[in-house]
Amino acid sequence: MKFSERLYEKLQPIWRKNHAHPFVQGIGDGTLDREKFRFFMIQDYLYLIDYAKLFALGAMKAEDVETMGKFAKLLDSTLNEEMSLHLKYAKKFEIEELEFKQAKPAPTTLAYTHYMLHVGQNGTLADLVAAVLPCMWSYWEIGKELNERPGANEHEFYGEWIQMYSSEEFGELAHWCIDLLDTLTEGKPELELEKLEEIFLNTTRFEYMFWDMSYKQEMWPTDE
Ligand SMILES: Cc1ncc(CN)c(N)n1
């Protein structure tokens, strides 16, 4: 069994929880409160800045030119395609560029990005891929599921979000990452696989926490 199949099977319960979260369901049926989505977009913009840095680290840790190039492509598509969606939503919300620039990460955003950067900087290439994969894979699964709902991808507000994350291009990048993790883990000892499973589980948990934080618009408990 490929390592990605093992992960997919083992982590189904938590993946189902992510899909069932009211934030995700609200995007799918178009009922999500727009203020919650606004909060999410700003936090996600901050998240993506650090997330893109992981691809730069991936290029550094890669052992061949082809893999380096693919990480460079991921870096480019995060900064110039995925984040352009956030800028489009910024216009819809009349969010000034300055508001994005001055925004501060919420505790969950900070914990999530710092965890990934810690793993990416200190671990192996397989550790880094295990950390970033749930982000790509789970968004693609969610995008595809929501895209199947009649009319969801044409929703005047949330349709564009669904179109982006269910797109072929996004799916191809997620698939490349899945294949890379399978190649990197081929023949690895069980102890190493368990460590990678733990990293994958942690960022999958952070994905749930990110939806939940956005739904609750959760910032620091004090204003100082
Ligand atoms: C929190 C989060 N996770 C994943 C993705 C998809 N790149 C995202 N935009 N934001």
Side-chain angles (χ1 to χ4, degrees), residues 7 11 14-15 17-19 21-24 26-28 32 36-58 70-71 73-90 95 100 103-117 119-120 128-147 158 160-178 180-181 199-219:
L7 292 173
L11 301 182
I14 175 159
W15 278 51
K17 278 192 194 149
N18 280 354
H19 285 233
H21 194 282
F23 193 98
V24 174
I27 293 178
L32 180 67
K36 295 184 196 291
F37 193 74
R38 185 186 202 279
F39 178 94
F40 165 73
M41 272 289 144
I42 296 174
Q43 289 301 315
D44 206 45
Y45 187 83
L46 299 177
Y47 167 91
L48 287 176
I49 295 170
D50 279 340
Y51 177 70
K53 289 180 191 169
L54 279 142
F55 297 132
L57 282 169
K70 206 71 188 189
F71 275 115
K73 164 87 185 111
L74 278 162
L75 175 60
D76 177 60
S77 83
T78 304
L79 295 180
N80 297 314
E81 289 164 35
E82 191 169 357
M83 282 164 87
S84 72
L85 177 77
H86 294 61
L87 297 178
K88 270 193 213 162
Y89 274 106
I95 304 174
F100 267 133
K104 296 272 182 271
T108 301
T109 311
L110 203 61
Y112 187 0
T113 56
H114 283 215
Y115 173 72
M116 282 198 300
L117 285 169
V119 171
L128 183 146
V129 178
V132 295
L133 184 54
C135 328
M136 303 166 80
W137 197 357
S138 75
Y139 266 50
W140 192 50
E141 291 286 329
I142 285 171
K144 278 189 302 176
E145 191 173 299
L146 300 185
N147 195 43
Y158 298 119
E160 269 187 280
W161 191 93
I162 296 173
Q163 284 168 30
M164 152 98 32
Y165 292 108
S166 61
S167 69
E168 288 276 314
E169 299 75 34
F170 193 78
E172 269 169 29
L173 294 174
H175 259 292
W176 177 77
C177 233
I178 293 169
L180 180 60
L181 188 61
I199 295 171
F200 188 93
L201 171 63
N202 285 340
T203 50
T204 304
R205 287 169 167 150
F206 271 126
E207 280 297 318
Y208 182 88
M209 288 170 70
F210 206 90
W211 297 125
D212 208 47
M213 161 197 82
S214 304
Y215 195 71
K216 296 173 181 156
Q217 299 181 63
E218 210 167 54
M219 275 313 260

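Counting starts at 1 for both ligands and their atoms, in listed order. By convention here, the first residue in the shown sequence is residue 1.
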Trainee: Ignoring hydrogens, what is the shortest heavy-atom contact between H21 and D212? Give both atom names and the distance.
Mentor: NE2-OD1, 2.7 Å
Trainee: Let me know which protein residues bring a heavy atom to under 4.0 Å of ligand 1; chain then number is fine for ordering.
Mentor: D44, Y47, L48, Y51, E82, C135, Y139, Y165, E207, F210
Trainee: Please name the pair of heavy atoms, one in M83 and one in Y45, separated by the smallest distance, quoted to 0.1 Å.
Mentor: CE-CE1, 3.6 Å
Trainee: How many angstroms lie between atom OH of Y112 and atom CZ of F206, to the nearest 0.5 angstrom?
Mentor: 8.5 Å
Trainee: Looking only at heavy atoms, what is the nearest atom pair of A130 and P134, with distance?
Mentor: O-CD, 3.2 Å
Trainee: Looking at every non-hydrogen atom in both residues, tell me the closest pair between Y208 and K17 and how far apart they are.
Mentor: CE1-O, 3.8 Å
Trainee: Has Y89 got a side-chain atom pairing as donor or acceptor with W161's backbone, closer than 3.5 angstrom?
Mentor: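 Here the side-chain-to-backbone pair exists.
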